Amino acid sequence: MIGEINSRSPEGPIEDKWSSHKFNMKLVNPANKRKFEVIVVGTGLAGASAAATLGELGYKVKAFTYHDSPRRAHSIAAQGGINGAKNYQNDGDSVYRLFYDTVKGGDYRSREANVHRLAEVSLNIIDQCVGQGVPFAREYGGLLDNRSFGGAQVSRTFYARGQTGQQLLLGAYSALMRQVGSGSVELHTRTEMLDLIVHDGAARGIVVRDLITGDVRSHTAHAVVLATGGYGNVYYLSTNAMMCNVTAGWRAHRRGAMFANPCYTQIHPTCIPASDEFQSKLTLMSESLRNDGRIWVPKDHDEGRSISEISEDQRYYYLEEKYPSFGNLVPRDVASRNAKTVVDAGLGVGPLKNGVYLDFADAIQRDGEDVIRERYGNLFQMYERITGEDPYKTPMRIYPATHYTMGGLWVDYELMSNLPGLFVVGEANFSDHGANRLGASALMQGLADGYFVLPYTIGNYLAPLLGESTLDENDPSCSNAVNEVAERTQKWLSINGTRSVDWFHRELGKLVWNFIGMERDKNGLEKALTEIPSLREEFEKDVRVLGSADNLNTSLEKVGRVADFFELAELKARDALERAESCGGHFRSESQTTDGEALRDDENFSHVAAWEWGGTSSSAIRHKEELEFEHVPLTQRSYK
C-alpha cells in the first residue's frame, strides 16, 4: 500500500479545528507560488473553482476537460439549490445544525471534522457567489430567498429557480476564464485523462488523449487534482450526463489510490420514470418540488379511474402518513425506498405502473398558479416537453433513479489521497456525505472544496517541495504510462466483436440495478459477483469498436469507460456484500427495523471501507478508517 489510511483530522474543539489547522499549515509565499505547477482534471463546479482560485493565487495551472467548453460540465444540470447556514429566515438554523443534519442525513457514516468544516464554509460560498453575480432568487424586498430541502426542518437552500447549477457554474466559469485570459491557467478542452503518472510513490502527472486528433501524451506537475465527478453511470440509466464516467478516478485507483465506500449510491426520489427498456438516460425533477408537491398513490391496486375521480380518502399519501414531522421532505434514501415499496406492492401509476404521483393541486389552490409558475416554471416546462403532460393540470409521475455517488477516492482532512500529491475534490471523493447526501449539498461541497479548502491545503503539501522541478516528460514513468494507454487502445480496436459498447453497458447496468440498486441482499450480491465477471469476460472477447485511434472516435472513448465500469461494479458488489448492515443509501434487506427502516450495525461497521487495488477487483484489499462521533451521538435515524 502506498501511504497510509490516516484522516489527519486536527485536534481541539470541532468549531476551532479548521481555523487552527489553517494557521498551522505551511504556506507558500506569493513569489514562490509561481514556481509550482498544478494539474486540475475536470472543470465542473469543483474543478473550475479550484483552477480559478489556484490561478488567482499565482500557481501555474493546467486544467483539462473532455468537453468543448467548461460550461458543459454536468454541474450545469443541478436544479434545486445550494445549502448555506445563513439563518436568513430566522428559523433556528446555524452552522452546528447544518453539521448535525448532514451527519444524521448520512446515517452516521461520515467524518465529523470534514462535515463541520463544510458547514462553516457554506457561509462564505453564498457571499462568494453573490459577489460573482449569481442571480439567486430574492424576496420582494430584495433579500435573498430560501426554501427547504429533504432532511431538514429549516429553510437554508439558496436557489436560482430550477437552474441553480447552471448559474453557479457560469460564475465559476467566469472566474476560470479570467485566469485563462491572464495566463495563469492553461485550458485543454476535448482532452480526456486516461492514466495517472506515479513517480517515487507520488502523483506527478497524467496521460491524456486528444479526442479530436487521437494524440496521446503526458503532462507533468508538482500535484494533480481530480475533480471528475461520480460513477452513477455504472447503472447505465441515471440522471447523469451520458459522458460522465469513473475512468480518471479508477485509473488513479489502479495506480495506488484507495477507493472508499463504492457501495454508497444515492437514488434520487423525484425523476421521470423510464418509458421503455431502450431509454439511454433518465431526467431529474428537482427535490425542491417536494416543498409544494404532495406524493401519493391510489389505495386500490386495480385503480383505473382518472385522477380527478379519485377522492382524498382513496389516496395514500404515504410519506405524510409515515413521517408526520418531515412529511414529503424526508431524506432522499427514505423517500426512494418508500416509493419502491408502494410500486412493488402494485400501487404504481402510469402506463407501466412504475411511478408515483407528485401533485401540485393543493399548492396551486393555496398560492395561485402564478406563484407556482414563478418558483418552478422551467421545471414544469421541462416535464411537459418530455412527457406531454401539463403538471399544472395533472400530477407529475416520478420514480427514483441513480443520481449521485457518496463513495469515491479516499482523502484525508486536507483532501489528499493516500497517494501523495493526488488531491480529490467534489463528488470524486468520498469525504462529506456518509451513506446518503442531503439535497442541495453537492453544489455546496464542490464549491467549498474548490474555493475554500483545497487552495489552503495544497500549499501544505507543496511548501516542502520548493526547488524541485516537475518530472521530465521523457522519464520512464511518463513514457511507460503513455505506452500502456496505447496498448489498451490497440487491444480494444483489435477485438472486432459482434456487439456494441452500448449493448454491454446496458446489460451491465441491468445487473447493477437489479442486485446493487435500492435494495440489496446476500444472495443477490453473490449472484452479481458471478454474473458481472462473466459478462466482462464476454465484453473483452466480443465488443466491437469501429474506426481508428487517430481521430474522433466516440466508440473508442466509450469502450475504455465501460471497461472501468465493469471493474468498479465488481468492487461495488464486494463492498456491499462485506457491509452487512443497512445505512443510508445502502439498504440490506436482512438488516432493517420492524417498520422497514435501515438498521445500522455500529459495533461492526462504524468505519470507512477503503479498498486497495490488488491487481483485479476480486483481489482488492479492504482497509478501515474508524469513525468517531464526539458531537453527534449515534442513534437510530428517525424522521417521524
Side-chain angles (χ1 to χ4, degrees), residues 13-19 22 45 78-106 110 112-162 164-165 167-168 171 286-292 325-332 367 371 374-375 432-434 436-449 451-453 630-633 637 639:
I14 196 162
E15 61 272 14
D16 298 331
K17 286 180 185 289
W18 178 229
S19 296
K22 284 192 292 184
L45 283 181
Q79 298 171 355
I82 177 171
N83 286 330
K86 288 287 197 179
N87 195 31
Y88 284 165
Q89 304 301 316
N90 197 29
D91 56 359
D93 199 12
S94 64
V95 166
Y96 194 87
R97 185 173 293 279
L98 175 53
F99 158 65
Y100 175 88
D101 286 346
T102 304
V103 173
K104 177 183 175 183
S110 53
E112 280 193 337
N114 287 58
V115 177
H116 196 279
R117 176 177 64 190
L118 178 64
E120 289 179 62
V121 170
S122 73
L123 305 175
N124 305 113
I125 295 170
I126 304 305
D127 295 338
Q128 168 88 359
C129 295
V130 170
Q132 289 177 331
V134 173
F136 285 127
R138 293 179 181 268
E139 297 174 341
Y140 179 76
L143 300 177
L144 292 174
D145 195 12
N146 296 110
R147 56 189 177 197
S148 299
F149 260 59
Q153 292 180 305
V154 296
S155 296
R156 63 164 67 103
T157 303
F158 296 80
Y159 64 98
R161 297 187 74 189
T164 313
Q167 299 304 325
L168 292 174
S286 171
E287 180 169 317
S288 62
L289 296 169
R290 290 198 275 151
N291 274 277
D292 290 300
S325 293
F326 283 75
N328 295 300
L329 286 174
V330 293
R332 292 175 175 178
D367 299 329
V371 171
E374 183 179 344
R375 290 175 185 165
D432 292 345
H433 305 296
N436 176 64
R437 177 178 66 78
L438 292 184
S441 289
L443 306 184
M444 175 174 64
Q445 185 209 348
L447 293 181
D449 289 354
Y451 281 136
F452 298 108
V453 180
E630 301 175 8
H631 303 275
V632 183
R637 270 195 323 173
Y639 292 94

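These figures come from a predicted structure and were not determined experimentally.
Annotation: the span from L443 atom CG to T164 atom OG1 amounts to 7.0 Å, rounded to 0.5 Å. Atoms CG and CD1, on L447 and I126 in that order, are 8.5 Å from each other to the nearest 0.5 Å. To the nearest 0.5 Å, atom CG of residue N114 and atom NE2 of residue H433 are 10.5 Å apart. Taking CZ from F158 and CG from N146, the interatomic distance works out to 4.0 Å, rounded to the nearest 0.5 Å. Atom OG1 in T102 sits 5.0 Å away from atom CG in L438 (nearest 0.5 Å). In this structure, the separation between CG on N291 and OG on S286 is 8.5 Å, given to the nearest 0.5 Å.
Partners of R637 according to the salt bridge (Lys or Arg N to Asp or Glu O under 4.0 Å) rule, which considers only residues two or more places apart in sequence or in another chain, are D107, D333. Judged as a salt bridge (Lys or Arg N to Asp or Glu O under 4.0 Å), and not counting sequence neighbours, the contacts of R375 are D292, D367. For Y639, the ring-ring contact (aromatic ring centres under 6.0 Å, His included) test picks out F326, with sequence neighbours left out. Every residue meeting the salt bridge (Lys or Arg N to Asp or Glu O under 4.0 Å) condition with K86, not counting sequence neighbours, appears here in chain and number order: D127. Annotation: ring-ring contact (aromatic ring centres under 6.0 Å, His included) contacts of F452 (sequence neighbours excluded): none. Looking at residues two or more places apart in sequence or on another chain, you find a side chain to side chain donor-acceptor pair (under 3.5 Å) between E287 and R290, R332. Among residues two or more places apart in sequence or in another chain, the side chain to side chain donor-acceptor pair (under 3.5 Å) test is passed with Q167 by none. When the salt bridge (Lys or Arg N to Asp or Glu O under 4.0 Å) test is applied to D432, no partner is found at least two apart in sequence or on another chain. Applying the ring-ring contact (aromatic ring centres under 6.0 Å, His included) criterion to F149, with sequence neighbours excluded, gives no partner residue. Under the side chain to side chain donor-acceptor pair (under 3.5 Å) criterion, S441 pairs with N83, sequence neighbours left out.
The closest donor-acceptor contact from the side chain of Q89 to the backbone of V154 lies at 3.5 Å or more, if one exists at all. A distance-only check finds no donor-acceptor pair linking the side chain of D16 to the backbone of P13 [under 3.5 Å].
In plain terms, the two heavy atoms of L98 and M444 that are nearest each other are CD2-SD, 4.0 Å. Closest approach of G80 and T157 over heavy atoms only: O-CG2, 4.2 Å. For S110 against V115, the heavy-atom pair with the smallest separation is OG-CG2, 3.6 Å. Contact detail for Q128 and Y451: the closest heavy-atom pair is NE2-CE2, 3.5 Å. The shortest non-hydrogen separation linking A448 to L118 is CB-CD1, 3.7 Å. Closest approach of S94 and A85 over heavy atoms only: O-CB, 3.5 Å.
In this structure, E374 places its CD atom where only 12 or fewer heavy-atom neighbours from other residues, nucleotides or ligands lie under 6.0 Å away.
No side-chain heavy atom of Q79 sits under 4.5 Å from any side-chain heavy atom of S288. Between K17 and R117 there is no side-chain heavy-atom pair separated by less than 4.5 Å. When side chains are defined from C-beta on, F99 counts as touching I14, because their heavy atoms get closer than 4.5 Å. Between V121 and W18, the closest side-chain pair of non-hydrogen atoms falls below 4.5 Å.
Every pair passing salt bridge (charged side-chain N to carboxylate O under 4.0 Å, His left out) that includes a residue from residues 88-105 is listed here, sequence neighbours excluded: D93-R156, D101-R156.
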Table please: side-chain donor-acceptor pairs of residues 135-143 below 3.5 Å, with sequence neighbours left out.
| unit_1 | atom_1 | unit_2 | atom_2 | d |
| --- | --- | --- | --- | --- |
| R138 | NH1 | G142 | O | 2.8 |

